[in-house]
Amino acid sequence: MDRYLVFGHPVRHSKSPFIHTLFARQTQQELEYGLAEPAVDEFAQALRTFFDQGGKGCNVTVPFKEQAFTLVDCLSPRAKRAGAVNTIKLTDDGVLLGDNTDGAGLVADLKSHGVTLADSRILLLGAGGAARGALAPLLAELPSELVIANRTHTKAQQLAAEFHDLGPVTAQAYEQLAGPFDLVINSTSASLQGELPPLAPALIHTDIAIYDMMYGASDTAFISWAKQHGARQTMDGLGMLVEQAAEAFTVWRGIRPGTKQVLRELKRNLGVI
C-alpha cells in the first residue's frame, strides 16, 4: 500500500491523517497516512529514510518547510516563490518534487466563503512563511492593492519588493495603515498565544471580511476581537487546512477530492459543530 506522512515538530495534534484518510475513502484510493515527529536536527535523515523505504509522498509543517525547500530535487513554481515546501512527491522517475499548496488552499477557502478577491483591497498581517506562501496566489486574483503589515517593518518591505513584479503589493507600518480594506488576513501566529496584532480597531467595519489562518474549537483571539469591533464575516483557517490538503492529494494521486463533506467531518471531530 502506498505510504504518506506528515512531518512536523510537534505534529501529534495534526489533523492531516484524518483528512487524507477521508480523501482516500472518498476517491477509492489505496493508501495509508501517518505522522512523523523527528528531532529538529534529524529531519533531513528522516525524510531520506522515509523515501528510501518506499514512501510515495509527504506533507511538511512547522518547523521544517524551509528546510524541505533545500532538500528536494526540483521545485514547483509556487514553491520557488514561497521559499518553502509543504508537499513532496516522489515522481515516477525517482525525483523528489517540492510544492507549496498553502496559498492555493487559502484562495480556495476564501472563494468557498464567497469572498471577492478581484479589485479588492487586501491587508495581509505578518511577513513570515505563511505570508510568503499566500502572496503569489492572492496577487494572481488581481486585487486592486495588497498591503503587508508586520511588526518588523523592514521585513514587510523586503517581502513587498520581492513580490512586486506580480502585482500591486506594498508595505505599510501598522500605525500608518489607512482604510478601508475589503479583506484582512492574519498570517501571524499571535492567535496561538491568545495575542493580537497591533491593528487599530478603526480599520474594522461591518462589510469587511476577516480571515485568521489559525483555528481552534472556538474563535481565535483575532476573530473574537474583530467581531467585538463590528466585523460580520469572519473565517478561521480550518477550511484552508482542508483545501491545501486537497491540493496536495491532487499532486500525489492525480485526482481532486471534494472538500465540503470532509470539512464538516473535521468540524465534528474538533467539536466545532
Side-chain angles (χ1 to χ4, degrees), residues 15-16 19-20 23 59-61 65 75-87 98-149 159-160 162-170 181-189 191 207-215 220 222-223 226 231 233-252 255-263 266-267:
K15 295 301 179 182
S16 292
I19 293 168
H20 284 285
F23 284 161
N59 288 126
V60 182
T61 188
K65 291 182 182 182
L75 295 161
S76 70
R78 56 190 179 184
K80 285 181 182 177
R81 270 292 183 179
V85 161
N86 81 327
T87 300
D99 201 350
N100 191 305
T101 66
D102 286 332
L106 170 65
V107 168
D109 192 37
L110 285 167
K111 289 182 175 180
S112 76
H113 283 95
V115 176
T116 299
L117 298 173
D119 298 319
S120 64
R121 192 160 183 254
I122 300 172
L123 174 59
L124 179 62
L125 307 180
R132 289 186 63 90
L135 274 168
L138 285 171
L139 290 168
E141 297 297 318
L142 304 179
S144 62
E145 184 182 15
L146 195 157
V147 177
I148 305 170
L159 197 57
E162 186 176 337
F163 283 82
H164 194 262
D165 61 310
L166 297 185
V169 55
T170 61
F181 290 100
D182 302 297
L183 169 65
V184 178
I185 301 170
N186 180 24
S187 77
T188 75
S189 60
S191 288
D207 293 326
I208 202 168
I210 298 293
Y211 195 99
D212 194 339
M213 289 189 187
M214 301 298 109
Y215 63 88
T220 68
F222 184 63
I223 286 178
Q233 184 177 19
T234 59
M235 300 149 281
D236 68 14
L238 198 60
M240 176 182 171
L241 175 68
V242 175
E243 293 291 349
Q244 66 82 23
E247 187 77 11
F249 192 92
T250 306
V251 170
W252 294 329
I255 183 169
R256 181 84 186 189
T259 55
K260 290 183 179 179
Q261 181 61 35
V262 172
L263 180 57
L266 181 58
K267 286 180 176 179

Visitor: Could you tell me the separation between the OH atom of Y215 and the OG atom of S191, rounded to the nearest 0.5 Å?
Guide: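 With rounding to 0.5 Å, OH (Y215) is 13.0 Å from OG (S191).
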
Visitor: Does V262 reach the side chain of P257, with side-chain heavy atoms less than 4.5 Å apart?
Guide: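 Answer no - side chains too far apart.
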
Visitor: Please identify each residue that fulfils side chain to side chain contact (heavy atoms under 4.5 Å, CB included) with S144, with sequence neighbours left out.
Guide: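 So S144 forms a side chain to side chain contact (heavy atoms under 4.5 Å, CB included) with R121.
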
Visitor: Between M214 and N186, does the side chain to side chain contact (heavy atoms under 4.5 Å, CB included) criterion hold? Intermediate values first, please.
Guide: CA-CA 8 Å; M214 301 298 109; N186 180 24; 5.7 Å; no

Visitor: Can you measure from CG (D182) to OG1 (T116) and round to the nearest 0.5 angstrom?
Guide: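 Interatomic distance, D182 CG to T116 OG1, rounded to 0.5 Å: 9.0 Å.
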
Visitor: Taking the side chain as C-beta and beyond, is there a heavy-atom pair between F163 and I148 under 4.5 Å?
Guide: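 Side chain of F163 against side chain of I148, heavy atoms only: no contact under 4.5 Å found.
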
Visitor: Between side-chain atoms of residues 126-136 and protein atoms elsewhere (two or more places apart, or another chain), which donor-acceptor pairs fall under 3.5 Å?
Guide:
{"from": "R132", "atom 1": "NE", "to": "A82", "atom 2": "O", "distance (Å)": "2.7"}
{"from": "R132", "atom 1": "NH1", "to": "E162", "atom 2": "OE1", "distance (Å)": "3.0"}
{"from": "R132", "atom 1": "NH1", "to": "E162", "atom 2": "OE2", "distance (Å)": "3.4"}
{"from": "R132", "atom 1": "NH2", "to": "R81", "atom 2": "O", "distance (Å)": "3.3"}
{"from": "R132", "atom 1": "NH2", "to": "E162", "atom 2": "OE2", "distance (Å)": "2.7"}

Visitor: Do you know which two heavy atoms are closest between K80 and L75, and how far apart they sit?
Guide: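 In terms of heavy atoms, the two residues are closest at CG-CB, 3.7 Å.
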
Visitor: Are the side chain of Q244 and the backbone of N86 linked by a donor-acceptor contact shorter than 3.5 Å?
Guide: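 Side chain of Q244 to backbone of N86: no pair is present.
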
Visitor: Could you check whether any side-chain heavy atom of F222 comes within less than 4.5 Å of a side-chain heavy atom of T188, counting everything from C-beta outward?
Guide: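 Heavy-atom side-chain distance check fails, nothing below 4.5 Å.
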
Visitor: Kindly state each residue pair satisfying salt bridge (charged side-chain N to carboxylate O under 4.0 Å, His left out) with at least one member in residues 105-120, sequence neighbours excluded.
Guide: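 Every pair satisfying salt bridge (charged side-chain N to carboxylate O under 4.0 Å, His left out) with a residue in residues 105-120: K111-E141.
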
Visitor: Mind checking side chain to side chain donor-acceptor pair (under 3.5 Å) for D99 and listing every partner two or more places apart, or none if nothing turns up?
Guide: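 Counting only residues at least two positions away or on another chain, D99 forms a side chain to side chain donor-acceptor pair (under 3.5 Å) with S76, R78.
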
Visitor: Please name all residues satisfying side chain to side chain contact (heavy atoms under 4.5 Å, CB included) with A248, sequence neighbours left out, ordered by chain then number.
Guide: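 N59, T87, T101, W252.
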
Visitor: Taking only residues two or more places apart in sequence, or in another chain, which ones meet S189 in a side chain to side chain donor-acceptor pair (under 3.5 Å)?
Guide: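 S189 satisfies side chain to side chain donor-acceptor pair (under 3.5 Å) with no residue once adjacent residues are dropped.
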
Visitor: Give the minimum heavy-atom separation between P137 and A104, together with the two atoms involved.
Guide: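 Nearest pair, atom of P137 first, then A104: CG-N, 3.9 Å.
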
Visitor: Might you point out which heavy atoms bring D212 and T220 nearest each other, and give the distance in Å?
Guide: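 Result for this residue pair: OD2-OG1, 2.7 Å.
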
Visitor: Quick check: do S187 and L124 have side-chain heavy atoms less than 4.5 Å from each other?
Guide: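 Side-chain contact under 4.5 Å: yes.
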
Visitor: Mind checking the OG1-CZ spacing from T250 to F23? Nearest 0.5 Å is all I need.
Guide: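 Reported value, rounded in 0.5 Å steps: 8.0 Å.
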
Visitor: Tell me every residue that passes ring-ring contact (aromatic ring centres under 6.0 Å, His included) with Y211, counting only those two or more places apart in sequence or in another chain.
Guide: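 Listed in chain order: nothing, the list is empty.
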
Visitor: Take L110 and L138 through the side chain to side chain contact (heavy atoms under 4.5 Å, CB included) test and state the conclusion after the steps.
Guide: CA-CA 10 Å; L110 285 167; L138 285 171; 4.2 Å; yes

Visitor: With sequence neighbours left out, what residues match N100 under side chain to side chain donor-acceptor pair (under 3.5 Å)?
Guide: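 None.
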
Visitor: So, for T259 and E243, which heavy atoms are closest and what is the spacing to 0.1 Å?
Guide: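 It is OG1-OE2, 2.9 Å.
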
Visitor: Taking only residues two or more places apart in sequence or in another chain, which ones pass side chain to side chain contact (heavy atoms under 4.5 Å, CB included) with A231?
Guide: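 A231: side chain to side chain contact (heavy atoms under 4.5 Å, CB included) contacts with I204, I208, I210, A226, T234.
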
Visitor: Working to the nearest 0.5 Å, report the span between NZ of K15 and CG of L241.
Guide: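 It is 10.0 Å, given to the nearest 0.5 Å.
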
Visitor: For the atom pair OG (S112) and CG (L263), what is the distance rounded to the nearest 0.5 Å?
Guide: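 Reported value, rounded in 0.5 Å steps: 7.5 Å.
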
Visitor: Less than 4.5 Å apart, any side-chain heavy atom of M213 and any of D102?
Guide: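 Contact flag for M213/D102 side chains = no.
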
Visitor: First locate atom CD of Q233, then atom CG of L183, and finally report the distance between them rounded to the nearest 0.5 Å.
Guide: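 Q233 atom CD to L183 atom CG measures 8.5 Å (nearest 0.5 Å).
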
Visitor: Considering residues at least two apart in sequence or located in another chain, which fulfil the side chain to side chain contact (heavy atoms under 4.5 Å, CB included) criterion with S16?
Guide: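 S16: side chain to side chain contact (heavy atoms under 4.5 Å, CB included) contacts with V6, S14, H20, Y33.
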
